[in-house]
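Chain letters run A, B, ... following the sequence lines, proteins first and then strands; every chain starts at 1.
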Amino acid sequence: MGKNTERTEMTEIKTEDDNVRVRMAPSPTGFLHIGGARTALFNWLFAKHHNGEFILRIDDTDTARSTDESMQEIFDALKWLGINWDKQYVQSERRNIYDKYVLQLLDSGNAYHCYCTQKELEEIRIESRKAKSPRSYDRRGRYLSSEAIERYKAEGRKPNVRIKMPDTPIRVDDLILGSRNIDPATLEDEVIVRSNGMPNYNLTSIVDDAEMQITHVIRGTEHLNNTPKQIAIANALDLKLPQFAHIPLVLDDTGRKLSKRHHGDLVAVNRYREQGYLPEAMLNFVARLGWSYDDKQEIFSVDELIEKFDLARVGKSGSVFDIKKLEWLNSHYINQLDVAARTDAVIPFWQQEGLLDATKERDWLERIVDAVGERLTTFQDIIPQTRYFFTDAYEYDSKAVKKWWGGSDEKKQKTREILTNLGQILKKIPTFDVETIESAIWKYTDENDIKRVAAMQTLRIALTGMSFGPSLFDIVALLGKDEVLKRIQRAITHLK
RNA sequence: GCCGCUAUCGUCUAGGGGUUAGGACGGAUGGUUCUCAGCCAUCAAACCGGGGUUCGAAUCCCCGUAGCGGUACCA
């Protein structure tokens, strides 16, 4: 623990219920990623737990990078996760509100115009760094003469607006990290309005938090350094402050912050939806990144999450995104579903692959899903695991062939023999059901002293091309006599 | 460079002055089964380092170290 901090006691964070109002404030500059989803979740859980309100605020003041598409993507991702919001705001539609506050700041002398060009700013930065200054802007705009201002105006320079930072320490209280005093000497006179007139984050964020009567700001630790600046702005405006709770970052396996820029859509929530993950699994997974309940429970329903979530049990250090754990949770939640529900979930994937047509009956599909059983980690897995049910356009897996069908001519001869016998036996079966098939095949293996596993694997490869999968008897029954005999014949031909 | 934050198995974490430092994911081994998955059993695996304080420190304090975040007219 650092200096100047006071530990938050491990009792539940006390709040006045019914007054809680939190917000998630994404910038629509890309898809929602795992980290963003977790921020949304924590806010949402906190709101639900306290019967409060959860607001979605689109922080799109960066007009150059914000897009409607990514806004839509964020909506979709949140909806998929089941994180619903009570109110929605878009900052670009609230310009007049921010303008009013900026004017107030200017009038009261708490903000000033800065006419520096990008180039000048860059030079100042280099100088400041050389001088080991804790700041990278020298505040020259604070002391501009009226002549200088006139000159800049005549040049056509468009000023931005900077906040004048106070010279007294700023106390930052954080529900998770404790409290500290920030040395004003390290505080930047932050730009609050761009030269194009658009206010930016540090201004709009804290203004809106006050305007919307946000009680708790729960956001990623990357915003920790912005907090004293925002507090300074709020103080200058005499705005009520929310309570802050900075949650630790979600990291990649090298320990770096997860970001769209570095990790692409590998971390996009919508991508996981497309791959056949369940929102319950994602929610459960993401909740446990930085939050824990006790030393026993790993699986939490949404209701349990709402009931048990508490900021006091959120840790301080970052958590690595471990897809293996997500996969485990996902298969858990998939296996909770009954066959009908799993079939519903899996149909779109079959469709996408063009495997479904009008001849495929619902009952048959459900039987396939039932046969696959607990073998799905994601719904997408249904494709490699069941493709052969729909088409015989598969290759025989070379490793499987080598192991079970044999490389030598004698082994191939033996394999052909087994296949031929199996074909004859199956052909004679009157009722093509699992039990009859099973007893017929085992009668054959046991009476002819053939290893069960050898016969089964030989047949499996002939029917599916693979050496693994659901119970072979299920496969045989599901494929039907004609198809089975056809495939056996094809395998025998292949082996010649 | 400057400012800030953090530090328990590979990962998520529980615990927190006296414990065999617990659980889960992942890994390994064995069992079950026609294969795979699953299931069952077993195993390996951690308190960043150094100083204090104390009878006793992973736990409290200090100092390091490392990692990360920020350092934009992004959010």
Side-chain angles (χ1 to χ4, degrees), chain A residues 1-2 5 25-29 59-62 64-66 114 116 118 121-122 125 128-136 158-162 172 177 180 182-183 185-188 190-196 198-202 204-205 219-228 246 248-249 251 253-257 285 288-299 315-329 331 335 372-377 385 400 404 438 441-442 445 451-461 464 466-473:
Chain A
M1 201 179 303
T5 61
S27 67
T29 55
D59 281 11
D60 63 342
T61 54
D62 185 349
R65 293 197 308 148
S66 298
C114 167
C116 289
Q118 292 294 349
L121 253 18
E122 186 54 34
R125 254 195 296 274
S128 305
R129 186 176 269 234
K130 218 187 285 177
K132 295 182 190 272
S133 162
R135 289 194 295 250
S136 58
K158 294 262 180 288
N160 59 37
V161 180
R162 286 180 183 267
V172 177
L177 297 171
R180 74 211 76 243
I182 302 301
D183 181 354
T186 68
L187 261 21
E188 204 78 77
E190 217 64 41
V191 171
I192 55 172
V193 182
R194 299 170 170 86
S195 49
N196 69 5
M198 184 61 88
N200 62 12
Y201 175 71
N202 279 308
T204 61
S205 181
R219 74 209 331 180
T221 331
E222 72 265 27
H223 289 298
L224 190 57
N225 293 306
N226 289 322
T227 308
H246 287 93
L249 301 176
L251 315 168
D253 57 6
T254 70
R256 298 172 63 97
K257 183 179 112 174
F285 171 69
R288 287 285 288 99
L289 254 28
W291 172 83
S292 64
Y293 179 63
D294 59 16
D295 63 343
K296 300 185 177 61
Q297 194 169 356
E298 289 289 340
I299 307 285
K316 297 178 179 183
S317 52
S319 340
V320 174
F321 169 75
D322 177 16
I323 192 146
K324 287 288 183 194
K325 187 146 181 194
L326 209 209
E327 287 176 348
W328 168 68
L329 280 165
S331 62
N335 295 337
V372 168
E374 298 193 344
R375 272 166 271 249
L376 297 178
T377 296
Q385 291 195 35
W404 298 105
E438 178 171 344
I441 290 180
W442 278 350
T445 55
K451 273 199 210 141
R452 285 182 171 190
V453 63
M456 296 297 272
Q457 287 299 74
T458 296
L459 183 56
R460 178 185 294 281
I461 295 163
T464 72
M466 310 186 295
S467 61
F468 57 88
S471 162
L472 227 209
F473 305 120

Answer yes or no: is there a side-chain heavy-atom contact under 4.5 Å between A:Trp328 and A:Glu298?
yes
Which residues share a ring-ring contact (aromatic ring centres under 6.0 Å, His included) with A:Tyr293, sequence neighbours left out
none
Between B:C48 and B:C12, how far apart are the two P atoms, rounded to whole Å?
14 Å
Could you tell me how far apart A:Leu329 (CG) and B:U13 (P) are, to the nearest whole angstrom?
13 Å
Can you check whether A:Thr227 reaches A:His246 side chain to side chain, under 4.5 Å on heavy atoms?
yes
May I have the distance from A:Lys132 (atom NZ) to B:G1 (atom C1'), rounded to whole angstrom?
6 Å
Between B:U53 and B:A41, how far apart are the C1' atoms? Round to whole Å, please.
46 Å
Stepwise side chain to side chain donor-acceptor pair (under 3.5 Å) test for A:His223 and A:Ser205:
CA-CA 11 Å; A:His223 289 298; A:Ser205 181; over 6 Å; no
Can you identify which nucleotide, out of B:A14, B:A7, B:G4, has its nearest atom closest to the A:Ser292 side chain?
B:A14
Are A:Asp322 and A:Lys325 close enough for a salt bridge, meaning some N to O gap below 4.0 Å?
no
Tell which nucleotide pairs with B:C43, taking only Watson-Crick or G-U wobble pairs whose two distances are both under 3.5 angstrom.
B:G27
Rounded to whole Å, the CZ-P distance (A:Arg180 to B:U6) equals 6 Å
Under 4.0 Å between any heavy atoms, over every strand shown, what does A:Gly290 touch: base, sugar-phosphate, or nothing? Just pick one.
sugar-phosphate
Given RNA chain B, 5'-ward residue of the pair A:Asp183 and A:Ala131, judged by closest heavy atom
A:Ala131
Treating primed atoms plus P, OP1 and OP2 as sugar-phosphate and everything else as base, which nucleotides of nucleotides 40-46 of chain B get B, S or - for protein heavy atoms under 4.0 Å?
-------
Heavy-atom protein contacts under 4.0 Å, nucleotides 24-36 of chain B, coded B base, S sugar-phosphate only, - none
SSS-------BBB
Taking side chain to side chain contact (heavy atoms under 4.5 Å, CB included) as the definition, give me every residue that meets it alongside A:Val193, ordered by chain and number, with sequence neighbours left out.
A:Val102, A:Val161, A:Pro199
Looking at B:A66, which nucleotide sits across from it as a Watson-Crick or G-U wobble partner, both distances under 3.5 angstrom, or is there none?
B:U6
Using a distance-only test with no angle check, is there a side-chain donor-acceptor pair under 3.5 angstrom linking A:Ser136 and A:Glu188?
yes
Check whether any side-chain heavy atom of A:Asp62 sits under 4.5 Å from a side-chain heavy atom of A:Tyr201, and report yes or no.
no
Counterpart residues, side chain to side chain contact (heavy atoms under 4.5 Å, CB included), relative to A:Lys158 (two or more places apart)
A:Ser195
Would you say that A:Glu327 contacts A:Phe285 through its side chain, given a criterion of any heavy-atom pair below 4.5 Å between the two side chains?
no
When rounded to whole Å, the CG to P distance for the pair A:Asp295 and B:U19 reads 18 Å
Would you kindly give the CD-to-P distance between A:Glu374 and B:A37, to the nearest whole Å?
13 Å
Any side-chain heavy-atom pair of A:Asn226 and A:Glu190 under 4.5 Å:
no
For the residue pair A:Arg162 and A:Val191, establish whether any side-chain heavy-atom pair is separated by less than 4.5 Å.
yes
For atom NE2 of A:His246 and atom C1' of B:U6, their distance in whole Å:
15 Å
Nucleotide B:G22, atom P - distance to CG of A:Asp294 in whole Å:
16 Å
Should A:Pro248 and A:Ser317 count as side-chain neighbours, where that means a heavy-atom distance under 4.5 Å?
no
In Watson-Crick or G-U wobble terms, with both distances under 3.5 Å, the base opposite B:C36 is none
Taking a pair as Watson-Crick or G-U wobble with both distances under 3.5 Å, which nucleotide is matched to B:A21?
none
When rounded to the nearest Å, what value does the distance between P atoms of B:G15 and B:A44 take?
25 Å
In whole Å, measure the gap between the P atoms of B:U20 and B:A7 for me.
26 Å
Please report the distance, rounded to the nearest Å, between CD1 in A:Ile182 and C1' in B:G4.
7 Å
Both distances under 3.5 Å, Watson-Crick or G-U wobble: report the partner of B:C60, or none.
B:G52
Atom C1', compared across B:C39 and B:G18: separation rounded to whole Å:
40 Å
Give me the distance, rounded to whole Å, that separates B:C47 from B:G30 when you measure between the C1' atoms they each carry.
32 Å
Between B:A72 and B:A14, how far apart are the P atoms? Round to whole Å, please.
35 Å
Between protein and nucleotides 68-75 of chain B, map the contacts as a letter string: B base, S sugar-phosphate only, - none, heavy atoms under 4.0 Å, written 5' to 3'.
SBSSSBBB
Rounded C1' spacing from B:A58 to B:G38 in Å
38 Å
